[in-house]
There are 2 protein chains.
Amino acid sequence: MDKSYSVLNQLLVDIFNDILLIEQNALKSGELSDLSITEVHAIEAIGKATERTMGEVAQDLKVTMGTLTIMVDKLVRKGYAERFRSEEDRRVVFVRLTKKGELVYKLHERFHHEMIRSIIDGLSEEEEKILISSLEKLKEFFRKKYDLILRKE
Amino acid sequence: MDKSYSVLNQLLVDIFNDILLIEQNALKSGELSDLSITEVHAIEAIGKATERTMGEVAQDLKVTMGTLTIMVDKLVRKGYAERFRSEEDRRVVFVRLTKKGELVYKLHERFHHEMIRSIIDGLSEEEEKILISSLEKLKEFFRKKYDLILRKE
DNA sequence: ATAAAAATATTTGATTATCAAAATAAAGGA
DNA sequence: TCCTTTATTTTGATAATCAAATATTTTTAT
């Protein structure tokens with residue numbers, strides 16, 4: 001019991017830290033060395049749909065619009081995104097990825113794909129179910145315990 | 001297969017984001033509102049042993065010593081840690097938690113305990129094994145794929 | 001034994017990410 | 001038209017961080 005506890009705890013901590021480190025560094029070395037982690041996150045958030053308003057993206061990223069303005073400024077300057085005003089409501093500004101930006105989005109998607117593949121491959125269907133239900137429990141724990149913080153509304 | 005992929009991917013993404021958000025916010029509201037996330041991480045890194053050198057802690061946290069100096073300055077100012085020079089080798093500076101700092105460390109430990117409990121409770125021994133081996137696979141994936149980045153020392 | 005090199009930490013100067021509050025601009029009533 | 005709300009950007013301030021320069025002490029090589 002107590003053994004399981006510490007093994008599981010250490011695994012979760014290690015994996016979490018690994019992901020943080022990988023995100024921080026995977027860029028620097030590679031072809032996309034002019035992007036920071038936050039910029040990649042922004043690209044991810046923009047990329048989900050074909051075009052989104054600044055407000056929507058800011059909410060997704062949980063940053064203020066002021067912060068997002070600066071982020072998008074940089075992405076535009078570097079050629080990963082473009083902005084244009086809505087014709088119907090000239091207050092709103094849309095942002096969307098350029099080809100170059102979409103490339104980054106797809107690269108990131110591929111990373112996820114590989115990651116999940118590496119887990120799933122080698123698990124039986126039974127084992128797969130157990131893994132999923134365990135992770136659901138973990139998620140449930142967070143939702144219950146930190147409802148106020150996590151509530152998206 | 002493809003269903004599993006997206007379920008698993010979403011679970012992992014959600015959990016990762018939950019943890020980030022909880023860490024960022026759990027403090028603000030609570031009793032420890034004068035601590036930032038990075039400061040709590042520093043407390044964690046210091047707290048593992050009873051006393052550690054600045055260099056060791058910086059390496060653990062993967063920040064430069066310049067950064068750590070400033071972090072520890074603040075922790076000392078706020079009463080969570082204390083510094084003293086080694087007598088054997090007067091170049092090295094030790095840092096260690098005060099009672100107040102240890103309290104934070106223990107609070108964080110308790111959080112982990114609860115989290116793991118919430119997963120383990122309700123799993124059979126068989127299921128526990130599967131969960132652990134799946135997570136080990138995930139960790140292995142990262143280690144293999146990002147060896148250079150993740151390699152410590 | 002002394003001078004040069006290495007190790008440990010701090011200081012300094014700069015950059016990046018971020019927020020809150022003020023400013024700008026457009027839309028939608030009364 | 002004038003006021004209010006909505007959407008965004010600008011401004012000013014603060015945190016975290018790094019790399020390079022500096023200071024102190026220890027180790028090494030001659």
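Lettering follows sequence order; numbering is per chain, from 1. As the structure is a prediction and not an experimental result, all values here were calculated from the model.
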Per-nucleotide protein contact string for nucleotides 9-17 of chain C, where B marks a base within reach and S marks sugar-phosphate only (heavy atoms under 4.0 Å, - for neither): BBB-----S

Electrostatic pair B/Asp121-A/Lys137, nearest N-O below 4.0 angstrom: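 Judged by the 4.0 Å cut-off on N to carboxylate O distance, B/Asp121 and A/Lys137 do not form a salt bridge.
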
Where the chi angle of D/dA21 falls, syn if within 90° of 0 and anti if not: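 Anti, angle beyond 90° from zero.
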
OP1 or OP2 of D/dT17 under 4.0 Å from side-chain N/O of B/Thr64: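 The answer is no; no side-chain N or O of B/Thr64 sits under 4.0 Å from OP1 or OP2.
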
Donor-acceptor pair between A/Thr98 and A/Glu82 side chains, under 3.5 angstrom: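 Checked: A/Thr98/A/Glu82 side chains show no N/O donor-acceptor pair below 3.5 Å.
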
Any-strand Watson-Crick or G-U partner of C/dA5, both distances under 3.5 Å: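 Partner of C/dA5: D/dT26.
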
For B/Ser124, all residues meeting side chain to side chain donor-acceptor pair (under 3.5 Å), sequence neighbours excluded: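 Per chain and number, B/Ser124 pairs via side chain to side chain donor-acceptor pair (under 3.5 Å) with B/Glu127.
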
Just the rounded figure in Å: distance from [atom2] of [N] to [atom1] of [X].
X       : N      : atom1 : atom2 : answer
A/Glu87 : C/dA27 : CD    : P     : 10 Å
B/Leu61 : D/dA15 : CG    : P     : 19 Å
A/Gln59 : D/dT6  : CD    : P     : 14 Å
B/Asp89 : D/dT26 : CG    : C1'   : 6 Å
B/Glu88 : D/dT26 : CD    : P     : 11 Å

Geometric class of the B/Phe84/B/Phe94 ring pair [parallel <30°, tilted 30-60°, perpendicular >60°]: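 Aromatic pair B/Phe94/B/Phe84 classed tilted.
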
Plane angle bin for B/Phe111 and A/Phe142 - parallel if under 30°, tilted between 30 and 60°, otherwise perpendicular: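 If you compare the ring of A/Phe142 with that of B/Phe111, the planes turn out parallel.
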
Spatial distance of atom NE2 (A/His108) from atom NE2 (A/His41) [nearest 0.5 Å]: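 Taking NE2 in A/His108 and NE2 in A/His41, the distance rounds to 6.0 Å.
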
